Amino acid sequence: MIRNFLKCRYLLLLIAVAVASCSSQEDPMLSTIRAEMVNTLFNYSSYKPIQMQIDTLRSDRYGDTLVFDRVKVIKQLIFQLQQADQQAAADQQTAAELQNQKAQCIDSLKAEVATLNAIVDTLSGNAYGWCVTHSFKCRNKEDQETMATYVFFMSPDGKRIYRYIDDENSSWDDYKALVDELLPPQN
């Protein structure tokens with residue numbers, strides 16, 4: 001009987017340690033995310049964390065910060081091309097000026113895609129941090145409660161944010177779809 005009591009006690013102790021270690025991994029991440037939210041959100045006092053999903057951040061086509069930065073530049077260049085097309089429709093500039101602007105944009109776009117492909121060819125796929133998907137509620141500028149999801153690329157200790165994607169400007173799925181569109185299929 002004493003043996004069973006000791007076994008149960010030992011088992012409860014193991015469970016308690018397991019639960020404590022799980023929450024200790026999330027604590028620094030949540031603290032770091034909250035600090036970022038203070039600087040990012042319009043109304044931080046209304047911030048209410050809902051869910052946090054933690055995955056391994058890998059040096060691959062979706063998780064590498066160099067890829068992230070190049071995709072961001074490419075997205076801006078695509079936007080500039082779209083704006084040039086809109087300006088052409090509105091006849092605000094001469095045809096020669098628009099052609100020159102579009103040609104420069106296309107050259108930059110080609111160079112960025114080539115750089116992106118070169119970066120992806122060197123990626124190892126090794127883990128180097130955490131990919132944290134964080135959903136929360138907060139109030140926007142119109143004082144309406146809204147739900148948002150940010151994806152954070154974080155350091156292994158969870159105390160530093162490398163990059164993040166907020167779904168207001170672009171969702172994680174949109175980002176991955178753009179990467180897939182820009183890069184050749186994975187083997």
Side-chain angles (χ1 to χ4, degrees), residues 32-33 35-44 53 55-136 138-142 144 146-156 160-187:
T32 304
I33 289 170
E36 181 66 30
M37 293 293 103
V38 167
N39 299 322
T40 305
L41 297 179
F42 178 74
N43 184 352
Y44 175 74
Q53 177 184 341
D55 294 313
T56 303
L57 182 60
R58 298 197 173 279
S59 177
D60 63 12
R61 66 194 287 139
Y62 304 119
D64 190 83
T65 55
L66 292 174
V67 171
F68 182 91
D69 293 343
R70 298 285 49 93
V71 168
K72 189 174 178 182
V73 169
I74 289 168
K75 213 171 144 182
Q76 290 169 344
L77 289 168
I78 291 169
F79 179 73
Q80 287 174 5
L81 274 173
Q82 290 169 342
Q83 281 185 319
D85 285 339
Q86 289 172 356
Q87 285 176 347
D91 284 330
Q92 293 179 352
Q93 292 180 327
T94 66
E97 289 174 339
L98 277 173
Q99 285 303 102
N100 186 32
Q101 182 182 355
K102 285 175 73 173
Q104 288 176 352
C105 220
I106 289 170
D107 289 344
S108 296
L109 194 56
K110 287 178 182 175
E112 287 297 330
V113 170
T115 302
L116 181 62
N117 279 302
I119 290 169
V120 169
D121 287 343
T122 65
L123 298 177
S124 64
N126 293 337
Y128 74 98
W130 301 106
C131 181
V132 180
T133 305
H134 178 60
S135 299
F136 58 92
C138 65
R139 294 204 167 276
N140 60 19
K141 290 179 183 177
E142 291 80 33
Q144 298 171 336
T146 184
M147 187 168 154
T149 301
Y150 282 26
V151 177
F152 294 92
F153 294 8
M154 299 186 78
S155 62
R160 197 168 130 222
I161 296 172
Y162 297 135
R163 308 283 188 279
Y164 71 88
I165 300 170
D166 66 279
D167 68 354
E168 185 175 323
N169 296 316
S170 177
S171 73
W172 179 238
D173 291 336
D174 292 343
Y175 169 76
K176 288 171 41 177
L178 182 57
V179 169
D180 288 340
E181 188 177 320
L182 293 169
L183 295 170
Q186 289 178 298
N187 296 333

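Nothing fancy with the numbering, it's 1 onward along the sequence. Remember, predicted model here, so these are calculated numbers, not experimental data.
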When rounded to the nearest 0.5 angstrom, what is the spacing between [atom1] in [X] and [atom2] in [Y]?
X	Y	atom1	atom2	result
Asn126	Ser59	CG	OG	7.0 Å
Lys72	Thr65	NZ	OG1	12.0 Å
Leu77	Gln82	CG	CD	11.5 Å
Leu109	Gln80	CG	CD	10.0 Å
Thr40	Asp166	OG1	CG	8.0 Å
Asp69	Ile119	CG	CD1	8.5 Å

| request: Could you tell me whether the side chains of Asp180 and Tyr62 share a donor-acceptor contact shorter than 3.5 Å? | output: yes
Where is the tightest heavy-atom contact between [X] and [Y], given as atom of each residue plus distance?
X	Y	value
Asn140	Thr146	CB-CG2, 4.3 Å
Arg58	Ala127	NH1-N, 3.5 Å
Tyr162	Leu57	CD1-CD2, 4.1 Å
Arg61	Val179	O-CG1, 3.5 Å
Leu116	Ile74	CD2-CD1, 4.0 Å
Val151	Cys131	CG1-SG, 3.7 Å

Please examine the side chains of [Y] and [X], heavy atoms only from C-beta on, and report whether any two atoms are closer than 4.5 Å.
X	Y	value
Arg160	Thr32	no
Asn117	Pro184	yes
Tyr150	Met37	yes
Leu123	Val120	yes
Tyr164	Ile33	no

| query | Got more than 12 heavy atoms from elsewhere within 6.0 Å of OH, Tyr44? | reply | yes
| said: Just checking Glu142: does its CD atom have more than 12 heavy atoms from other residues, nucleotides or ligands closer to it than 6.0 angstrom? | reply: yes
| query | In terms of ring plane angle, is the pair Tyr175 and Phe153 parallel, tilted or perpendicular, where the classes change at 30° and 60°? | reply | perpendicular
| request: Hey, can you tell me if His134 and Phe152 have their rings parallel, tilted or perpendicular (30° and 60° cut-offs)? | output: tilted
| For Gly63, does its backbone N or O pair with a side-chain atom of Tyr128 as donor and acceptor, under 3.5 Å? | yes
| request: Return yes if some donor-acceptor pair links the side-chain N/O of Trp130 with the main-chain N/O of Asp55 below 3.5 Å, else return no. | output: no
| request: Could you give me the CA-CA distance, side-chain angles and deciding distance for Glu112 and Leu182, then say whether side chain to side chain contact (heavy atoms under 4.5 Å, CB included) is met? | output: CA-CA 10 Å; Glu112 287 297 330; Leu182 293 169; over 6 Å; no
